[in-house]
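Read the numbers this way: they start at 1 and go in the same order the structure lists the ligands and their atoms.
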Amino acid sequence: TKNDQPRLRIAIQKSGRLSTESQNLLKAMGLKINMREQRLIAHCENMPVDLLRVRDDDIPGLIMDGVADLGFIGENELEEKELERQRLGEPAEYKLLKRMTFGGCRLSIAATEEFDYQGPHSLEGLRIATSYPELLKRYLDEQGVNFKSVMLNGSVEVAPRAGIADAICDLVSTGATLEANGLKEVQDIFHSKAVLIQAKAALSAEKQALVDRLMVRAQGVMQAKE
Ligand code: ATP
Ligand code: ZN
């Protein structure tokens with residue numbers, strides 16, 4: 001799908017941990033957007049820009065397929081999708097424009113409180129529940145550890161108690177959710193922040209000039225915050 005829309009399309013998470021800060025940055029960059037309506041597309045009033053408001057999981061693919069021009073996404077989702085598409089031989093390219101200061105978290109392996117963790121080799125042969133099978137496999141392959149991943153898109157932290165996995169690999173910020181489920185973090189495997197990415201294919205000269213202007217503004221906003 002070739003994107004020959006005259007208006008720049010920016011994909012952002014519709015609602016969740018990345019949406020407020022993505023929207024705030026766009027506003028600080030000077031975009032006037034009416035966010036009150038719960039629509040898929042929000043038109044910017046003062047620039048030729050449309051926002052695509054979607055699930056965060058969809059953003060890497062929209063950029064890699066060239067359907068959206070720019071997108072805000074967590075590195076965890078971005079790298080998971082990149083690895084998956086590379087494995088399937090699907091388009092997986094994008095340009096990194098900027099790493100953000102928000103959306104920080106880590107992807108960690110957690111096990112039951114009584115689990116005796118001596119290092120990655122302690123995980124040999126275990127069933128590990130996760131929404132990030134590619135990132136988990138990359139890490140454990142590097143460590144030479146065999147395991148079986150149990151794919152879950154939600155409720156990952158209840159998998160050990162439910163008897164469907166021996167350990168989990170999930171996003172952590174405070175560890176409170178793990179503790180509430182009788183789990184402890186044993187190994188962090190990936191540190192993530194939000195990033196702003198651009199589709200690989202060249203934009204029209206007008207759209208690229210707009211992106212360049214927006215990036216100068218983003219730089220200014222982010223420096224002022226430091
Ligand atoms: P969606 O409905 O868009 O699919 P979601 O439930 O998958 O939303 P969120 O929980 O909103 O996603 O998290 C979005 C992103 O925010 C994560 O992929 C990650 O990059 C980042 N993030 C930052 N802190 C955390 C945290 N403590 N737990 C989970 N994600 C976090
Ligand atoms: Zn999601």
Student: Which atoms of ligand 1 are found less than 4.0 Å from any heavy atom of Asp57?
Tutor: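 Every atom of ligand 1 under 4.0 Å from some heavy atom of Asp57: 4 (O), 7 (O).
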Student: Considering only the protein, which heavy-atom contact is closest to atom 1 (P) of ligand 1, and what is its distance?
Tutor: Arg55 NE, 3.2 Å
Student: For atom 3 (O) of ligand 1, state whether the nearest protein heavy atom is under 4.0 Å away.
Tutor: yes
Student: When rounded to the nearest 0.5 angstrom, what distance separates CG in Leu83 from CG in Leu88?
Tutor: 11.0 Å
Student: What count do you get for protein N, O or S atoms closer to the Zn ion (ligand 2) than 2.8 Å?
Tutor: 2
Student: As an exercise, state the distance from CG of Leu136 to CZ of Phe147, rounded to the nearest 0.5 Å.
Tutor: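 Rounded to the nearest 0.5 Å, the CG-CZ separation comes to 4.0 Å.
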Student: Any non-hydrogen side-chain atom of Glu134 less than 4.5 Å from a side-chain atom of Glu80?
Tutor: yes
Student: Against Met222, only a single residue in Arg99, Met29, Lys98, Arg217 fulfils side-chain contact (heavy atoms from CB on, under 4.5 Å); can you say which?
Tutor: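 Of the listed residues Arg99, Met29, Lys98, Arg217, the side-chain contact (heavy atoms from CB on, under 4.5 Å) partner of Met222 is Lys98.
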Student: Short list, please: which atoms of ligand 1 are under 4.0 Å from a heavy atom of Gly74?
Tutor: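 By the 4.0 Å cutoff, the relevant atoms are 20 (O).
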Student: For atom 18 (O) of ligand 1, what's the nearest protein heavy-atom neighbour? Residue, atom name and distance, please.
Tutor: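 It is Asn76 ND2, 2.9 Å.
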Student: For a 4.5 angstrom cut-off between non-hydrogen side-chain atoms, does Phe72 reach Ser19?
Tutor: no
Student: Ser173 versus ligand 1: do any nitrogen or oxygen atoms come within less than 3.5 Å of each other?
Tutor: yes
Student: Verify whether one side chain among Thr177 and Glu157 offers a donor that lies under 3.5 Å from an acceptor in the other.
Tutor: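 Per modelled atom types, Thr177 and Glu157 side chains form no pair under 3.5 Å.
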Student: List the closest protein heavy-atom neighbour of atom 29 (C) of ligand 1: residue, atom name, distance to the nearest 0.1 Å.
Tutor: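 The closest heavy atom on the protein side is Arg17 NH1, 3.4 Å.
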Student: For residues 123-131, please give each side-chain donor-acceptor pair under 3.5 Å, one per line with the distance, not counting sequence neighbours.
Tutor:
from	atom 1	to	atom 2	distance (Å)
Glu124	OE1	Asn146	N	3.1
Glu124	OE2	Asn146	ND2	3.0
Arg127	NE	Asp166	OD2	3.3
Arg127	NH1	Gly163	O	3.4
Arg127	NH2	Asp166	OD1	3.1
Thr130	OG1	Tyr132	N	2.9
Thr130	OG1	Cys169	O	2.7
Ser131	OG	Leu152	O	2.6

Student: Run the salt bridge (charged side-chain N to carboxylate O under 4.0 Å, His left out) test on Lys81 and Glu84 for me, step by step, so that the C-alpha distance in whole Å, both residues' side-chain angles and the decisive distance to 0.1 Å come before the verdict.
Tutor: CA-CA 5 Å; Lys81 182 63 80 175; Glu84 182 190 39; 3.5 Å; yes
Student: Taking only residues two or more places apart in sequence, or in another chain, which ones meet Gln198 in a side-chain contact (heavy atoms from CB on, under 4.5 Å)?
Tutor: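 With sequence neighbours excluded, Gln198 shows a side-chain contact (heavy atoms from CB on, under 4.5 Å) to Leu70, Lys95, Leu97, Leu203, Gln208, Val211, given in chain and number order.
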Student: Side chains of Ile12 and Arg53: does their closest heavy-atom pair fall under 4.5 Å?
Tutor: yes
Student: Check each atom of ligand 1 against the heavy atoms of Gly16 and keep those under 4.0 Å away; list them by number with element.
Tutor: 11 (O)
Student: Tell me, which protein residue and heavy-atom name are nearest atom 7 (O) of ligand 1, and how many Å apart are they?
Tutor: Asp56 OD1, 3.2 Å
Student: Going by heavy-atom distance to atom 15 (C) of ligand 1, choose the closest among Leu171, Thr177, Leu18.
Tutor: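 The option holding the nearest heavy atom is Leu18.
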Student: Under 4.0 Å from a heavy atom of Gly104: which atoms of ligand 1 are those, numbered in the order shown and with their elements?
Tutor: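 Reading through ligand 1 atom by atom, the close ones are 23 (C), 24 (N).
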Student: Who are the side-chain contact (heavy atoms from CB on, under 4.5 Å) partners of Arg55, not counting sequence neighbours?
Tutor: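 Expected list: Asp57, Asp58.
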Student: How many angstroms lie between CG in Asn76 and CG in Leu171, if you round to the nearest 0.5 Å?
Tutor: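 If I round to the nearest 0.5 Å, the distance is 5.0 Å.
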Student: Among all protein heavy atoms, pick the one closest to atom 8 (O) of ligand 1 and tell me residue, atom and distance.
Tutor: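 For this ligand atom, the closest protein heavy atom is Gln13 NE2, 3.0 Å.
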